[in-house]
Amino acid sequence: MDKTIGIFGGGQLGRMMAQAALPLNIQCTFFEASESCPSAILGPVFSPEKQQLNAFINSADVFSLEFENTPLAQVDELTQSKNIHPPRQALAIAQNRLLEKNLFKQLDIPVAPFSAVSSLQDLEKATQDLGLPIVLKTATGGYDGKGQFVLRSVDDIAQAWAELGPAQSLIAESFVHFSREVSIIAVRGQNGDVKTWPLAENHHHHGILSHSIVPAPNSTALQPIAEQYISTLLQHLDYVGVLTLELFVTENGLYANEMAPRVHNSGHWSIEGAVCSQFENHVRAVAGLPLGSTEVIKPTVMVNIIGRHPNIADVLALKGAHLHLYNKTEREGRKLGHITLMPTDERELPALCHALAQILPEPLSLTTDMSW
Ligand code: AMP
């Protein structure tokens, strides 16, 4: 092996990073509590619970992460002797919604009006200043819609405060009346090169990503705007690696919701659908190698397998279906794998989506608007 990359976290994102690293003769190691994590089959796992941070730091040449809530104290220990990409400041900002929204505002990336909330009085004032409805979110620790409360009337204030008040640091945001949710993924190399994949249109079920359509239909006018926003963030943060920006599409244009300083579920399509995937380009960037083309080979639909496994043979019988399982046990709401549909003739996508919906054990409300 030519180089070793140490990754904080050992979930499916780490697994797919390591799969992309292997053909480049790059080995990955992982820092993760669960010995049977999805990444374990691809490299050694060091455990925070067994105080193996130093051994992990010694195990690799350069570092990255797949777990957004990687403790900053661990990163600080690491950076005394080794480098990590993305940079610490990107991680610190992404871990705190208030810092994140303030950065977007500072960089002229549109966001819904928001205010910091740390008391019941702040919350009452926010409902007056922003106008109802508002979305109250914990500033740190929330994911997949958890740690959130939508307030539609002043009668909701007490309950919202009872549920989220103990978190102490909260953000109240105006409710955005969006027509759809999209994400843009980009990568920046160590030489400052930036490459962007096309916008993905994302559909959620119970707060979890259900499927992504790429390129997002009817997004030609939105693409350059989203590219400008994410490029601004990458330059400002002196970022290296893959960054994701989640956006709302509204009548007044794009509004940024949040960024993820890592490869993203809405980019899994790129393993088959792009010349170079988000995983390979992230590995290339972290290793200081030239970036690959982010050009799309064919339009794709990526569907998550959530909670229960489908019959594998049924999935593989679908034309142009690529199955990725993460070696996880079934549990409600858990991402167990994904399927990328990429038929040679993209006009077959709506019918294939329909056929896939019949096969998956979990209900799937697939849209069939796929007019590029
Ligand atoms: P988040 O954890 O911020 O990604 O939010 C989870 C989901 O809640 C998003 O994907 C949106 O569907 C919804 N959401 C979050 N913030 C807002 C908002 N300000 N207005 C309307 N919907 C929102």
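Order of listing sets the numbers, starting from 1, for every ligand and every atom in it.
- Around the CD atom of Gln106, the shell of radius 6.0 Å holds more than 12 heavy atoms that belong to other residues, nucleotides or ligands.
- For ligand 1, the atoms closer than 4.0 angstrom to any heavy atom of Lys137 are 3 (O), 15 (C), 16 (N).
- For the residue pair Tyr326 and His338, a side-chain donor N or O sits within less than 3.5 Å of a side-chain acceptor on the partner.
- Judged by the 6.0 Å distance and 45° axis criteria, Arg152 is positioned over the aromatic ring of Phe175.
- Within the 4.0 Å heavy-atom cutoff, His177 does not count among the residues contacting ligand 1.
- Relative to atom 21 (C) of ligand 1, the option among Val176, Thr138, Thr250 with the closest non-hydrogen atom is Val176.
- Of the possible donor and acceptor atoms, one in the side chain of Ser39 sits under 3.5 Å from a partner among the backbone N and O of Gly10.
- Atoms of ligand 1 found under 4.0 Å from any heavy atom of Glu173, numbered from 1 in the order shown, are 16 (N), 18 (C), 19 (N).
- A cation-pi arrangement is absent between Lys137 and Phe114, since the terminal nitrogen or guanidinium carbon is not both under 6.0 Å from the aromatic centre and inside a 45° cone about the axis.
- The atoms of ligand 1 that sit less than 4.0 Å from any heavy atom of Glu181 are 9 (C), 10 (O), 11 (C), 12 (O).
- Contacts of Val135 with ligand 1, taken as heavy-atom pairs under 4.0 Å, involve the side chain alone.
- Taking the six-membered ring for Trp and thresholds of 30 and 60 degrees, Phe31 and Phe8 have ring planes more than 60 degrees apart, a perpendicular arrangement.
- Residue-ligand proximity: Gly147 is placed with every non-hydrogen atom at 4.0 Å or more from ligand 1.
- The contact set between ligand 1 and Phe178, taken as ligand atoms under 4.0 Å from a residue heavy atom, comprises 12 (O), 21 (C), 22 (N).
- Of all the atoms in ligand 1, the ones that sit under 4.0 Å from a non-hydrogen atom of Gln148 are 1 (P), 2 (O), 3 (O), 5 (O), 6 (C), 8 (O).
- At least one N or O atom of Glu258, backbone or side chain, sits closer than 3.5 Å to an N or O atom of ligand 1.
- Considering all non-hydrogen atoms of both residues, Ala216 and Ala200 come closest at CB-C, 3.9 Å.
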